[in-house]
Peer 1: 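Below is the structure I would like to discuss, written out as structure tokens.
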Amino acid sequence: MTDAAWEALSNQAVAAAGVVYFLAFLAHLVELSAVRRVAEPAVSEEAAGDVVVATGGPAAPDRAHREALFGRIGVLLTGVAALVHLLALVARGMAADPNRVPWGNMYEFTLAGTFVVAALYLALFRRYRLAWMGPIVTGIVLTLLMVAVIWLYLPIAPLTEALYSPWLVIHVVSAVIATGAFTLGGITSLLYLVKSRAGAPDGAAGGYLSRVPAPVDLDRLAYKLHAFGFPVWTFAVLITGPIWAHQAWSSYWSWDPKEVWAFITWVVYAAYLHARATAGWRGRNAAYLALVGLATLWFNFIGINFFSSTSQHSYAAPEAPATAVVEVVRR
Amino acid sequence: MSDTRRPGELTLRELARWTWRQLTSMRTALVLLLLLALAAIPGSVIPQEGVDALKTQQWRDDHPSLTPVYETLGLFNVYGSPWFAAVYLLLLVSLVGCFVPRIAVYSRALRAQPPATPARLDRLPDHASYRTDLAPGEVLDRAQRALRRHRLRVQDESGGGSVSAERGYLREAGNLLFHVSVLVVLIGFAIGSLLGYRAGSIVIVGNGMANTLTQYDEFDPGSLFSADQLDDFFLDIEDFDVSWIQDGPSQGQARGFTSHVAYAEGVDEPQDYDLRVNHPLTIGDTTVFLIGHGYAPVITVRDGNGDIAYSGPTIFLPENQSFQSIGVVKANGARPTQIGLEGWFYPTYAFTDESGPFSVYGDLKNPAISMQVYAGDLGLDSGTPQSVYALDKSNAELVTKEDGSMFRVDLAPGQTQELPDGLGSVTFERVERWNKIEISQTPGKLIALGGVVLALLGLLGSLFIRPRRAWVRVREDEQGTLVEVAVLDRAGGDDVAAVLEELVADLQREEKTS
Ligand code: HEM
């Protein structure tokens, strides 16, 4: 296959994955609508009047069945979409000459990041009973993929030379994995806040929230996701990043804006873990910290490129040919 | 009864005091961590001296009224400023103050046996009880087996009718290791910033440099740096290769570049090395990096008397991916007036009416210079330092044709052009290349790296080892044996209810199988 064919395949696969994520999202919406009706038995009984005895019986199991069925279809479709998504990534790497890892710019990084979010969700689905997360994960992945295709798309190009390093592979893989875990953790913390604000201890909130686990369980799950993400982020940002920077730019830590924000993210998540062991900070405040952490993470990935042009991590703009332009002063 | 209670109360009080101390300082640590994150923000928005000196200078020029304020606040050097230092030093003090006592507590706890069974297990948040027909001694035997299977360290208190068990001692060790390693990282980082240095030098390919302060174009030493730290070596850039991207959307950009250098330390024999991006050269304690390259057109300026007023490779700085580069020539020896040139170098010159002149390709396919000429006082004799990449035009005039229309020096290699008014002539001899070399010493980097690796190991232990205590107590009464089980999670975040359920199920299963 030629490079152009690989590139076309990658673009088609992204589009196909988007469509399948969308179908998965729809399936989850149908699933939710079933839940909503189950959760409002009073209304349907009144409306049905006398015939309740006849139809009310089979109707509820029917809906429960529909809920389970569409839930399963949603997860299955997400799995299919994730496979196609993976194909898009691989094809993107094959399209480059020489072949390379598919994360040389923001478009590719977004593809990789969203893939990890979907894959991690699927991998943890059974273990942590993540069925409630389905609509949110498919929705977010779909949105980010659209953002990537519409605003971030770049034709395939070789990496600038500084990016050819085995450390880059390890650095970015771990950063992307941590980003996926933090994103799932952030979703969980957000729902923890919403659910505990709704004030309903368990299930009584109705609608979508009745599907979401109790706040205690959400809090514990959020902790597990963050506790997984934090060491991986530490590895990416404070070990492999500096090693790579030292090789490429002579200084293992130079307070470049991208580094500063990676550090800020690290400190905020450290504060989150601390908060969980600090009286008066457990629960709500810790969850807010987790959301602040997620905001700094995403800001660093997307926002900082538009704020600062001094970053050597110039994913957004093509790198200037001489990495550093010097000012020589004659005295 | 009172005998079993008193130690319980004591440890409770101890625990309360210990927790109180812990909580107060934990909160401080948390606030300081958040402060550290906040304090780091300005440095990512305001250009920093140490990151991009050129941009910082531009910012100062654009904001004359804000600059003095920012300067007083240290905002151009946030990460070296006293207030940033105050935050992390406070954090360090809190860390040491917090962890010295904890290490002591931990080393005592390591030797201690699992704590005695509390008097009232049903006061613990997670407890269960069931009845059985087995004799109490038999139940406790089985409980010990089950607890060991759950990998808890067991303390037999059968005499008092109970078993006490604990696991996860290493969690605290991991936590201590993590926090102590944070200190180690900071020490390594501090050594690097105090004793290290970074220097840059632009070298014309074919030339060399000795590693001395005078050969550096930029120099950024740590505050404890001393010049005798410099390793004694020289470096010759013998040859330089660039491979260009021939097709595709990035056509014309450099794919990769390599400097073929020879270097020698002290009086040693010279050795060859291929210097590339991601492939630095280490000489003694010094590391040498290739971080950029560009073109240096060789330009000769003759003055009105016909004497050579300037001649040599002139460093032009690339402005874009196709190496359109900007540069100046200062012929301050020219008579009767000094001559300055300012303008562009195009490695592959092209021209369209819409875009004017531009470079289509980074490689040297059709090199050309196009420069404007200034005559007058270039301000070099006033003694104030001047950038070699900028022309001081305040006392010099733009040279035009006799009729007042625009005049430019447009030359291909080998060509010469006369200047109007008998000012002299400019010759574009040929093109050479330059490399930007960065030279640095970063002592303490292995300390910092070792520190982070240890911190990560400690972190893994601290996050994934679950410390737990469990107790089983039996009491005999008329109806048989009452078994009470309790589990205490010592870290938070554990699903204790599930663990308890599992343990009870295990105890009862043990009963059925035997
Ligand atoms: C240099 C700044 C600090 C950083 C980056 C930091 C980071 C962390 C992190 C990431 C954790 C989570 C690991 C775990 O749960 O065991 C943690 C836990 C902890 N830290 Fe710190 N910490 C710092 C300073 C301090 C200070 C000054 C104290 C003293 C009060 C402290 C006391 C603790 C304690 C007691 C835990 C265990 C919490 C638990 O039981 O879950 N830390 N720290």
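The analysis underlying the following values was restricted to heavy atoms, covering all of them including side chains, and did not include hydrogens, waters or symmetry mates. Just so it is clear: chains get the letters A, B, ... in the order the sequence lines come, proteins before strands, and each one is counted from 1.
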Peer 1: Side chain, backbone, both or neither: which part of B/Phe189 has an atom under 4.5 Å from a heavy atom of chain A?
Peer 2: both
Peer 1: Assess whether ring pair (Phe, Tyr, Trp, His ring centres under 6.0 Å) is satisfied between B/Tyr79 and B/Phe84, documenting all intermediate values.
Peer 2: CA-CA 6 Å; B/Tyr79 309 106; B/Phe84 191 75; 5.3 Å; yes
Peer 1: Among A/Phe230, A/Phe228, A/Tyr252, which has the most heavy-atom pairs under 4.5 Å with chain B?
Peer 2: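 Ranked by heavy-atom pairs under 4.5 Å with chain B, first place is A/Tyr252.
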Peer 1: With a 4.5 angstrom heavy-atom cut-off, which part of B/Phe219 approaches chain A: side chain, backbone, both or neither?
Peer 2: neither
Peer 1: Please enumerate all residues that pass side-chain hydrogen bond (donor to acceptor under 3.5 Å, both in side chains) together with A/Ser10, with sequence neighbours excluded.
Peer 2: none
Peer 1: Between A/Ala270, A/Ala4, A/Ala227, which residue shows the highest count of heavy-atom pairs closer than 4.5 Å to chain B?
Peer 2: A/Ala227
Peer 1: With under 30° as parallel and over 60° as perpendicular, where do the rings of B/His293 and B/Phe323 fit, or are they tilted in between?
Peer 2: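 Rings of B/His293 and B/Phe323: tilted, 30 to 60°.
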Peer 1: Flag the one option from B/Val288, B/Val453, B/Leu449, B/Ile41 with the top tally of heavy-atom pairs under 4.5 Å to chain A.
Peer 2: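 Of B/Val288, B/Val453, B/Leu449, B/Ile41, B/Ile41 has the most heavy-atom pairs under 4.5 Å with chain A.
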Peer 1: Below 4.5 Å, heavy-atom pairs only: which of A/Ile239, A/Thr234, A/Leu238 has the largest tally toward chain B?
Peer 2: A/Ile239
Peer 1: How would you list, by chain and number, every residue that makes a salt bridge (Lys or Arg N to Asp or Glu O under 4.0 Å) with B/Asp392, sequence neighbours excluded?
Peer 2: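 Applying salt bridge (Lys or Arg N to Asp or Glu O under 4.0 Å) to B/Asp392 gives none.
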Peer 1: Do A/Thr296 and A/Trp261 have a side chain donor and acceptor closer than 3.5 Å?
Peer 2: no
Peer 1: For B/Ala455, is it the side chain, the backbone, both or neither that has a heavy atom under 4.5 Å from a heavy atom of chain A?
Peer 2: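 Neither; nothing under 4.5 Å.
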Peer 1: Looking at chain B, which one of A/Ser251, A/Ala222, A/Pro242 has the largest number of heavy-atom pairs inside 4.5 Å, strictly under?
Peer 2: A/Ser251
Peer 1: Between B/Leu30 and chain A, which part of the residue has a heavy atom less than 4.5 Å away: side chain, backbone, both or neither?
Peer 2: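 Backbone plus side chain of B/Leu30, per the 4.5 Å heavy-atom cut-off to chain A.
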Peer 1: If I measure from the heavy atoms of chain B, does A/Trp167 come under 4.5 Å with its side chain, its backbone, both, or neither?
Peer 2: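 For A/Trp167, no heavy atom lies under 4.5 Å from chain B.
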Peer 1: Given that the side chain runs from C-beta out, which part of A/Leu289 has a heavy atom under 4.5 Å from chain B: side chain, backbone, both or neither?
Peer 2: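 Just the side chain, heavy atoms under 4.5 Å.
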Peer 1: State, to 0.1 Å, how close A/Asn300 and A/Pro257 come at their nearest heavy-atom pair, and which atoms those are.
Peer 2: OD1-O, 4.3 Å
Peer 1: Need one label for B/Leu460: side chain, backbone, both or neither, based on atoms under 4.5 Å from any heavy atom in chain A.
Peer 2: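 The side chain, not the backbone.
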Peer 1: Looking at A/Lys258, is its backbone amide N or carbonyl O close enough to the side chain of A/Asp256 to form a donor-acceptor pair, meaning the two atoms are under 3.5 Å apart?
Peer 2: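 Judged by distance alone, yes, a pair lies under 3.5 Å.
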Peer 1: Could you check whether A/Arg276 pairs with A/Asp219 (Lys NZ or Arg NE/NH1/NH2 to Asp/Glu carboxylate O, under 4.0 Å)?
Peer 2: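 A salt bridge links A/Arg276 with A/Asp219.
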